[in-house]
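Below is one structure, written out as C-alpha cells; comments come after it.
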Amino acid sequence: MSVEGHGRMREVAVQAIDAARLEPLIGAARMEQYLAEAERARELFAGRAVVSVNSTAAGGGVAELLQSLLAYARGAGVDARWLVIDGDPAFFAITKRIHNWIYGTPGDGGPLGETERAHYEAVAARNAQELRALVRPGDVVLLHDPQPAGLAPALRALGVPVVWRCHIGCDVANEWTERAWAFLRRYVEPVDGIVVSHAGFAPPWADPARVHVIPPSIDPFSAKNQPLEPAQVRDALVYVGVLAGEADGPHVGFTRRDGSPGRINRHADVLQTGPPPPPDAPLVAQVSRWDRLKDMPGVMEAFAHHVDPSLGAHLLLAGPVVTGVADDPEGGAVLRDCIDRWRRLPHHARSRVHLACMPMADPDEQAAIVNALQRHASVVVQKSLAEGFGLTVSEAMWKERPVVGSAVGGIVDQIRDGEDGLLLPDPHDLAACGAAIERLLRDPLEAARLARNGHVRVRDEFLGDRHLERYASLFAQVVAARTGGGDAATAPR
Ligand code: UDP
C-alpha cells in the first residue's frame, strides 16, 4: 500500500486562555494552588515546548479536550502546541481496528499482521519526518491514542522525552486487548510515561512506575459548556431542526474559543417521522460519535420498548455528520444500522425517536448546538458498551442534567450510582436502561437531586485546573528522570 501524499502534519492554532476565569467556580484557595503549580510549570518548561500529537482537530473527546486544556496551558505561560498527524483511509482503518481491540471488541474483524504493521509504520515514518523539524531535544511530546503511537521510536531517537496518553481501555482483558497491546508494545513500552484515564487501563506489560492515571476534564467556558438561557436553548434547537416551533429571536449567539462571537447558522440533518419533538415534551438524549461501542441502537431499543409511551417523552440520538470525523471510518455503517433499526420500529415508537447528524464544518458552532441539546434534555444517556472516560457524562452533569450511564470504564469514575446519576451494571440490559430512564422521568425531584450532585462532582474533580496540575507533576517527573534532576532546558527557541 502506498502512503503517497499522506504524512503531512498540521499544526492547530491554540489561543492562550487565562485560567483566572475559573476562580468564581473553584474558589480562591484552589485558584492559588493552581497558580503556584503554574509557576513551577513555567520554570520547568522555560525554553521547552510541550507538543501534543493526535489524529483529528475536531470530533470526539480528544480533540474536545485538547482545545481547552492547551489553551489554559498557554495561558499559564507554557509553550503548549498541538499537531495532527495525517494518514490515508487504510491507516485509519488499521488504527480503528486497534482502537476497537483495546476496547476488547473485534471491530471489523480484520487482521493486524505484518502488512498492516508495515503500513502503520510507513505512515508513522512520514509523519515523524515532519515532526523532526518541529521538536527539539528539550521538548516533551505527548502522543494521544494508538494513531500517533508509532512516532515514539523516532522521537526517542532524537532524545525527546515521550509520554503516551491512551484515552481508551477495557475493564477486562481478553484476546482482542492482548492482540492490540502486542501490536503497540514495541512503540510504547520504552516511553517515559504512560497516561491512562482510568485505573486498570494500562497495558499489561507497562512498568507500573511509569503509569499515571489522569482523568480528563471539561471547560465550563467552551462553546460546548458555556451558560445558555432557556430561550436561547429553545431557539437554537428549533433553528437546527430538532425541536418543533418558531424561533423567537435571530440566530443564537455563542462565544468561540478565541473569544470572538459566533452564531448558529447551520441546520442538523434530522431523520424523523412527523414533526420534531414539542419543546415541552421530556427529551431523552444521547450525543455520541456513530461508533458501535456507544450503542446508539441499544439506546433506541431500550427507549422504544421499555419506556412507557404515556410519559410523552421523545428520544434524540445525535452524532456528527458521518463525513465529519476524519479518523473514524466506521461512522457511516453504524449510522446506517441505526437507520435500518429505526425503520423497523413500530410506527408509534418511531415517531418519538429522532436521529440527528450535527453539522461539523464549524466546530464551535457544532459545540454550541450540542450544548443546547444537553441543556434541553430531561435525561442524558451514555449507554456505552465500553468507554475510556466519556466526556459527554461530565458535560451533562456540569449542566445539571440527570445522567444514565453504563458502569464501564471511566463512567464509573464520574457517576456514583444513586448519588450523581444512575449506573447500568450491565450495559447490554435494555430493560434496565429503559427502567432507569423511566425512573428519572417519573421522579423529577430525584432527577434534580442527582443532577445537582453531578454538577458539584464535576466542579470538584473534572475541571481543567485539576487536570493541568496532574500533568505538570507527571512532566516534572519525566524531565527529572531524564536529567537526573538537573535542568536540561535548551537555549531559548
Ligand atoms: N461530540 C460532539 N458532537 C457529536 C458527538 C460527540 O461534539 O455529534 C462530542 C461530545 O460532546 C464530547 C466528545 O465529542 O465532547 C466525545 O467525547 P467522549 O469522551 O464522550 O467520547 P469519544 O468520542 O472520545 O469516544
Side-chain angles (χ1 to χ4, degrees), residues 54-69 96 99-100 102-103 105 144-147 165-170 197-198 201 215-220 222-226 240 242 254 257 266 268-270 285-296 299 316-328 330-331 334-335 338 355-375 377 380-399 401 403 405-406 408-411 413-415 458 462:
N54 84 322
S55 59
T56 180
V62 180
E64 176 72 24
L65 203 64
L66 290 178
Q67 270 151 19
S68 301
L69 206 62
K96 183 75 191 193
H99 171 102
N100 282 322
I102 292 178
Y103 273 128
T105 61
H144 295 265
D145 281 339
Q147 297 92 338
R165 162 131 213 177
C166 191
H167 293 266
I168 57 184
C170 181
S197 298
H198 174 66
F201 274 4
S217 58
I218 63 154
D219 179 16
S222 67
K224 178 73 54 73
N225 298 310
Q226 61 197 217
V240 300
V242 299
F254 59 89
R257 77 190 70 142
R266 292 181 177 81
D269 193 357
V270 190
Q286 177 163 305
V287 180
S288 288
R289 287 178 300 104
W290 303 101
D291 181 309
R292 286 187 211 293
L293 294 173
K294 306 293 183 183
D295 199 20
M296 296 282 231
V299 181
L316 180 70
L317 298 176
V321 286
V322 293
T323 49
V325 181
D327 64 346
D328 192 0
E330 279 175 16
V334 173
L335 175 59
C338 265
L355 306 182
C357 291
M358 301 291 132
M360 296 294 287
D362 175 345
D364 286 332
E365 178 194 43
Q366 194 280 147
I369 298 171
V370 171
N371 187 356
L373 260 176
Q374 290 170 328
R375 285 183 190 278
V380 170
V381 181
Q382 193 58 57
K383 203 188 93 55
S384 305
L385 304 177
E387 192 59 80
F389 182 71
L391 280 173
T392 48
V393 172
S394 273
E395 289 164 2
M397 288 163 80
W398 178 252
K399 294 168 183 117
R401 300 290 88 207
V403 183
S406 306
V408 295
I411 295 180
D413 299 328
Q414 298 172 80
I415 298 177
V458 174
F462 304 118

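We count ligands from 1, going down the list as the structure has it; atoms in each ligand are counted the same way. Remember, predicted model here, so these are calculated numbers, not experimental data.
Using a distance-only test at 3.5 Å, with no hydrogens or angles considered, a donor-acceptor pair links the side chain of Asp145 to the main chain of His167.
Interatomic distance, CD1 of Ile218 versus OG of Ser68, reported as 9.0 Å (0.5 Å rounding). Atom CG in Leu66 sits 5.5 Å away from atom CG in Asn54 (nearest 0.5 Å). Rounding to the nearest 0.5 angstrom, the gap separating the CD atom in Gln286 from the CE atom in Met296 is 5.5 Å. The distance from the CH2 atom of Trp290 to the SG atom of Cys357 is 5.0 Å, given to the nearest 0.5 Å. Taken from SG in Cys170 to NE2 in His198, the straight-line distance is 10.0 Å, to the nearest 0.5 Å.
When the options Ala268, Pro320, Ala356 are ranked by their closest heavy atom to atom 8 (O) of ligand 1, first place goes to Pro320. Taking only non-hydrogen atoms, the option from Glu395, Arg289, Lys294, Glu64 nearest to atom 21 (O) of ligand 1 is Lys294. Of the candidates Gln374, Glu387, Gln67, Gln366, it is Gln366 that places a heavy atom closest to atom 3 (N) of ligand 1.
You'll find the side chain of Gln382 reaches within 4.5 Å of the side chain of Ser288, heavy atoms only.
When non-hydrogen atoms are compared, ligand 1 lies under 4.0 Å from the backbone of Leu391 as well as from its side chain. Residue contacts with ligand 1 for His167 are absent, since no atom lies close enough (heavy atoms, distance under 4.0 Å).
In this structure Arg292 satisfies the salt bridge (Lys or Arg N to Asp or Glu O under 4.0 Å) test with no other residue, sequence neighbours excluded.
Those atoms of ligand 1 with a heavy atom of Gly390 less than 4.0 angstrom away are 19 (O), 20 (O). The atoms of ligand 1 that sit less than 4.0 Å from any heavy atom of Val370 are 2 (C), 3 (N), 7 (O), 11 (O). Near Gly61, the atoms of ligand 1 lying under 4.0 angstrom from a non-hydrogen atom of the residue are 13 (C), 16 (C), 17 (O), 22 (P), 23 (O), 24 (O).
For ligand 1, none of its N or O atoms has an N or O atom of Ser288 under 3.5 Å away. Of the N or O atoms in Met358, none lie within a sub-3.5 Å distance of an N or O in ligand 1. Backbone and side-chain nitrogen or oxygen atoms of Ala318 are examined, and none is located within less than 3.5 angstrom of a nitrogen or oxygen of ligand 1.
From the protein, the heavy atom lying nearest to atom 9 (C) of ligand 1 is Lys224 NZ, 3.4 Å. With hydrogens left out, the protein atom closest to atom 6 (C) of ligand 1 is Val287 CG1, 4.0 Å, a heavy atom.
Residue Lys383 is tested with Val408, Val299, Ile411 for a side-chain contact (heavy atoms from CB on, under 4.5 Å); the sole match is Val299.
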